[in-house]
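A short worksheet on the structure shown next.
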Amino acid sequence: MSKRMITGNQLNNSLYTGEYRDIVSNNIEIGQGMGFLDSCIIDQHFIRRMRMNRLISVSIENRGFQCIGIDESTAIIVKNDSAMVSGISQVIVLESNSEKKIQKHLLDNQNLLLYVYLPGEKFRIK
């Protein structure tokens, strides 16, 4: 999908539990994706598997990227610079527009934008 994808590995926790309890720096591994979208980072199975903390961390550490959480049984259909939500659940989009702050590995951001889109709704892809 996107050029940069979340692998699921936590760099600060070698034992995979599927839980992302913290919003901390240098924890979420980003790998090479298929490259269909250059300015986005995609997360999958998003709402059902409660991955918000993971996407918040990625958004804060990757300012300027749209971070898109797509839930199970849901997709986005991209045409030019527009995406339409298709399926039975929502899509979450996060955008960080300010510098990150780090205090003892904890991340801070004062201007994180959050959008929730329903099936049939469209949003702009950067």
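Residue numbers count from 1 along this sequence.
Scanning both residues, I88 and P119, for their nearest heavy atoms gives C-CG, 4.1 Å. When every heavy atom of L55 is checked against every heavy atom of D43, the shortest pair comes out as CD1-CB, 4.0 Å. For the residue pair E61 and N26, the shortest heavy atom distance occurs at OE2-N, 3.0 Å. The minimum heavy-atom distance linking L118 with Q90 is given by the pair CD2-CG, 3.7 Å. When all heavy atoms of S96 and S59 are compared, the closest pair comes out as CB-O, 3.2 Å. Shortest non-hydrogen contact noted between G120 and M84 is O-CG, 3.9 Å.
Cluster membership for I68 and F36, using ILVMFWY side-chain heavy atoms within less than 4.5 angstrom, is not shared. Follow the hydrophobic side-chain contacts under 4.5 Å out from I28 and you never reach L106; the two are in separate clusters.
Between S25 atom OG and D22 atom CG the span is 10.5 Å, to the nearest 0.5 Å. Note that the CD1 atom of I60 and the CD1 atom of I56 stand 7.0 Å from one another [nearest 0.5 Å]. For the atom pair R63 CZ and N109 CG, the distance stands at 9.0 Å (nearest 0.5 Å). Taken to the nearest 0.5 Å, the CD atom of Q66 stands 11.0 Å off from the OG atom of S2. Atom CD1 in I30 sits 9.0 Å away from atom CZ in F65 (nearest 0.5 Å). Remark: S73 OG to I47 CD1 distance equals 11.5 Å, nearest 0.5 Å.
With Y20 as the aromatic partner, R54 meets the cation-pi criteria of under 6.0 angstrom to the ring centre and within 45 degrees of the ring axis.
Heavy atoms from other residues, nucleotides or ligands lying under 6.0 Å from NZ of K100 number more than 12.
In summary, the side chains of N27 and Q10 do present a donor paired with an acceptor at a separation below 3.5 Å, with no hydrogens or angles considered.
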Subject >> side-chain hydrogen bond (donor to acceptor under 3.5 Å, both in side chains) assessment of R4 paired with N62 >> reply: CA-CA 11 Å; R4 303 176 78 199; N62 293 274; 2.9 Å; yes

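Proximity of a side-chain donor or acceptor of S57 to a complementary backbone N or O of N53 within less than 3.5 Å is detected.
Screening residues 110-126 for side-chain hydrogen bond (donor to acceptor under 3.5 Å, both in side chains) gives E95-K126, D108-Q110 as the qualifying pairs, with residues at least two apart or on separate chains.
Every residue two or more places apart in sequence or in another chain that forms a salt bridge (Lys or Arg N to Asp or Glu O under 4.0 Å) with R21 is listed here: E19.
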